[in-house]
**Q** 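The structure follows.
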Amino acid sequence: MEGKLSSVAKNFTPSPIQELSQLAQKCNAINLAEGFPDFPAPPCIKEAAVSAINNDFNQYRRVQGICDQLALKMKKTHGLNVNPLTDIAICCGQSEAFAAAIFSIINQGDEVLLFDPCYETYEGCITLAGGIPVYVALEPPQWTLDPEKLMRSFTSRTKAIVLNSPHNPTGKVFSRDELEIIAEGCRRWDCVAITDEVYEYITYDNQKHETIAKLPGMQERTIITSSLSKTFSVTGWRIGWAIAPASAASAIQNIHIRITDSAPAPFQEAALTALRSPIEYFKTLRGEYELKRDFCMKLLGSIGFRIQFKPQGSLFLFAELPKDCLLSDVEYVEELIKQAGVVVVPGRGFFHGNESCNYQKRYIRVAFCKSGATLNAAAQKFGELINAKACPKILY
């Protein structure tokens, strides 16, 4: 069968991160790698899902009420007029919404701009569609956007730009000034902005998420993708959406139907309860995650990590290895698993640009969307290493 595999399949090979995941499972390591919570989802939405199952909402379904709620949210939060009947496609999570958005507009040879570092799924979707990823490096340690570098990246072949804010893996929230620069490039080169806004409610220190679609001339050229997953701790439910001009939303919905037909029906019903959550829920969510972020910053700082950028949003801390550490990110993570029984993600998997940049092998990503028990257990593991001085390679 191997000889029958497509060229696409052959290009999707296991990464060093997957090999490290296998090692972590073998060592029963504490998981600070994967970006999903290990604590319960809100009881009210779980009860809504159980009720939907018991009431036989178990067949193919599109719950229009989700679109109605999202349209209300877009108006209240961003001042955007969205037609719930024509401008929203319900998908199987943000990942499918993003893939369908790419498939709906990218032709063979079209270029798509991405900010580096970035979430690895984006590149796969673009190449599957026949597009060409073009990376625009954000400048460490503050992950700043260089306007001139961005503008030089646009060409006559540029069809779209991908914007993830709050940003995975750095935790950056793109500022209004940066959004204005990106929007200017889109308008000048007649490009589409495809956004990933799954962390829209998870921002810190009075930072506020803004969608680029609200800027002048941008709603008609923006596809917003998001989901329930991160905000409501239900990453396995796979309820997401795309909000776009009617022609794009229709194309995305048609692609979704041909690939998966329907998002899970009972979880769509439960999404109505989630989307009607009171404002207090979102305030509490931010407050709890801010405490977890600060806990992890203090923990990593105590063992020598250089944390020059404080995450402004998302669920991740992107930390630079201790200055005197001679290990690469992958080597460090391997030692961390073996010596401390804790697993994080090597940073190199998020970088796609010039490999000669040494900093690309000097970062790890830590997911702090974990229970207090998990974070305390990880802190204890690090404490045991410090007290025993068991691993000079990773402690400084």
Side-chain angles (χ1 to χ4, degrees), residues 63-91 94 97-98 101 104-105 115 145 160-167 172-232 239-253 271-286 312-314:
V63 178
Q64 179 58 39
I66 293 175
C67 303
D68 297 338
Q69 288 296 317
L70 290 172
L72 290 172
K73 179 185 81 73
M74 295 305 292
K75 181 65 175 178
K76 183 176 181 181
T77 306
H78 301 295
L80 294 174
N81 293 314
V82 172
N83 187 330
L85 298 176
T86 61
D87 298 351
I88 302 175
I90 302 172
C91 298
Q94 183 276 336
F98 180 87
S104 71
I105 63 166
F115 295 109
L145 172 62
I161 185 168
V162 174
L163 174 62
N164 170 215
S165 181
H167 184 251
K172 173 186 177 67
V173 173
F174 282 75
S175 68
R176 170 57 79 93
D177 287 345
E178 289 173 323
L179 295 180
E180 293 279 9
I181 292 164
I182 297 165
E184 171 59 26
C186 289
R187 291 189 294 261
R188 185 186 303 175
W189 291 93
D190 191 24
C191 294
V192 175
I194 303 176
T195 72
D196 174 354
E197 304 185 18
V198 293
Y199 305 107
E200 58 191 307
Y201 290 108
I202 305 173
T203 58
Y204 311 119
D205 304 320
N206 298 315
Q207 286 280 345
K208 187 178 178 183
H209 165 70
E210 292 187 282
T211 181
I212 197 170
K214 70 186 291 184
L215 299 185
M218 287 305 295
Q219 185 174 3
E220 60 263 35
R221 63 174 69 253
T222 299
I223 301 173
I224 298 169
T225 67
S226 192
S227 77
L228 291 184
S229 295
K230 310 298 184 177
T231 307
F232 297 99
I239 301 297
W241 50 82
I243 302 174
S247 57
S250 176
I252 292 167
Q253 189 71 31
L272 293 175
T273 298
L275 292 171
R276 292 173 182 143
S277 296
I279 193 169
E280 289 75 21
Y281 172 81
F282 303 100
K283 289 181 179 177
T284 300
L285 180 78
R286 285 193 294 270
Q312 301 164 328
S314 85

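Sequential numbering from 1 along the given sequence is applied to the chain's residues.
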**Q** On a heavy-atom basis, which atom in Ala183 and which in Leu215 lie closest, and how many Å separate them?
**A** CB-CD1, 3.9 Å
**Q** Treating Asn83 as the side-chain partner and Leu85 as the backbone partner, does any N or O pair qualify as donor plus acceptor under 3.5 Å?
**A** yes
**Q** Distance from Thr231 atom OG1 to Tyr281 atom OH, nearest 0.5 Å?
**A** 7.0 Å
**Q** Check the side chains of Glu197 and Ser165 for a donor-acceptor pair under 3.5 angstrom, ignoring hydrogens and angles.
**A** no
**Q** Excluding sequence neighbours, so at least two apart, what forms salt bridge (charged side-chain N to carboxylate O under 4.0 Å, His left out) with Arg276?
**A** none
**Q** Can you tell me how far CD1 of Ile239 sits from CG of Leu228, rounded to the nearest 0.5 angstrom?
**A** 6.5 Å
**Q** Give the minimum heavy-atom separation between Cys91 and Ile252, together with the two atoms involved.
**A** SG-CG2, 4.0 Å
**Q** Does the side-chain contact (heavy atoms from CB on, under 4.5 Å) test come out yes or no for Leu145 and Phe115, once each step is laid out?
**A** CA-CA 9 Å; Leu145 172 62; Phe115 295 109; 3.5 Å; yes
**Q** Do Asp196 and Gln94 touch side chain to side chain, with heavy atoms closer than 4.5 Å?
**A** yes
**Q** Do Val173 and His167 have side chains that approach each other closer than 4.5 Å (heavy atoms only, starting at C-beta)?
**A** no
**Q** Is the shortest heavy-atom distance from the side chain of Tyr204 to the side chain of Asn206 under 4.5 Å?
**A** no
**Q** What is the minimum heavy-atom distance between Ile194 and Ala160, and which atoms define it?
**A** CD1-CB, 4.3 Å
**Q** For the atom pair CG (Leu179) and CD (Glu210), what is the distance rounded to the nearest 0.5 Å?
**A** 6.5 Å
**Q** Walk me through whether Phe98 and Asn164 qualify under side-chain contact (heavy atoms from CB on, under 4.5 Å).
**A** CA-CA 11 Å; Phe98 180 87; Asn164 170 215; over 6 Å; no
**Q** Looking only at heavy atoms, what is the nearest atom pair of Arg221 and Cys191, with distance?
**A** NH1-O, 3.1 Å
**Q** Under a 4.5 Å cut-off applied to non-hydrogen side-chain atoms, are Thr211 and Leu80 in contact?
**A** yes
**Q** Answer yes or no: is there an ion pair linking Arg187 with Glu184, defined by an N-O contact shorter than 4.0 Å?
**A** yes
**Q** Atom NE2 in His209, atom OH in Tyr199: separation rounded to 0.5 Å?
**A** 13.0 Å
**Q** Kindly determine whether Thr195 and Val162 satisfy side-chain contact (heavy atoms from CB on, under 4.5 Å), including the steps that lead there.
**A** CA-CA 6 Å; Thr195 72; Val162 174; over 6 Å; no
**Q** Can you list the steps and then say if Gln312 with Lys172 is a side-chain contact (heavy atoms from CB on, under 4.5 Å)?
**A** CA-CA 5 Å; Gln312 301 164 328; Lys172 173 186 177 67; 4.2 Å; yes
**Q** Is there any side chain to side chain donor-acceptor pair (under 3.5 Å) pair reaching into residues 70-80, and which pairs are they, with sequence neighbours excluded?
**A** Lys73-Glu200, Lys75-Asn81
**Q** Nearest 0.5 Å, please: how far is CG in Asp190 from CZ in Arg188?
**A** 13.0 Å
**Q** Which heavy atom of Pro84 sits nearest a heavy atom of Cys67, and at what distance?
**A** O-CB, 3.3 Å
**Q** Would you say the side chain of Ser277 lies within less than 4.5 Å of the side chain of Phe232, judging by non-hydrogen atoms?
**A** yes
**Q** May I ask you to test the Ile243-Ile223 pair for a side-chain heavy-atom distance under 4.5 Å?
**A** no
**Q** Does Ile181 reach the side chain of Phe174, with side-chain heavy atoms less than 4.5 Å apart?
**A** no
**Q** Measure across Ile88 and Ala249 and return the closest heavy-atom pair with its distance rounded to 0.1 Å.
**A** N-CB, 3.9 Å
**Q** Give, for atom NZ of Lys214 and atom CE of Met218, the distance between the pair rounded to the nearest 0.5 Å.
**A** 13.5 Å
**Q** Would you check if Val63 and Leu272 make a side-chain contact, meaning some heavy-atom pair closer than 4.5 Å?
**A** yes
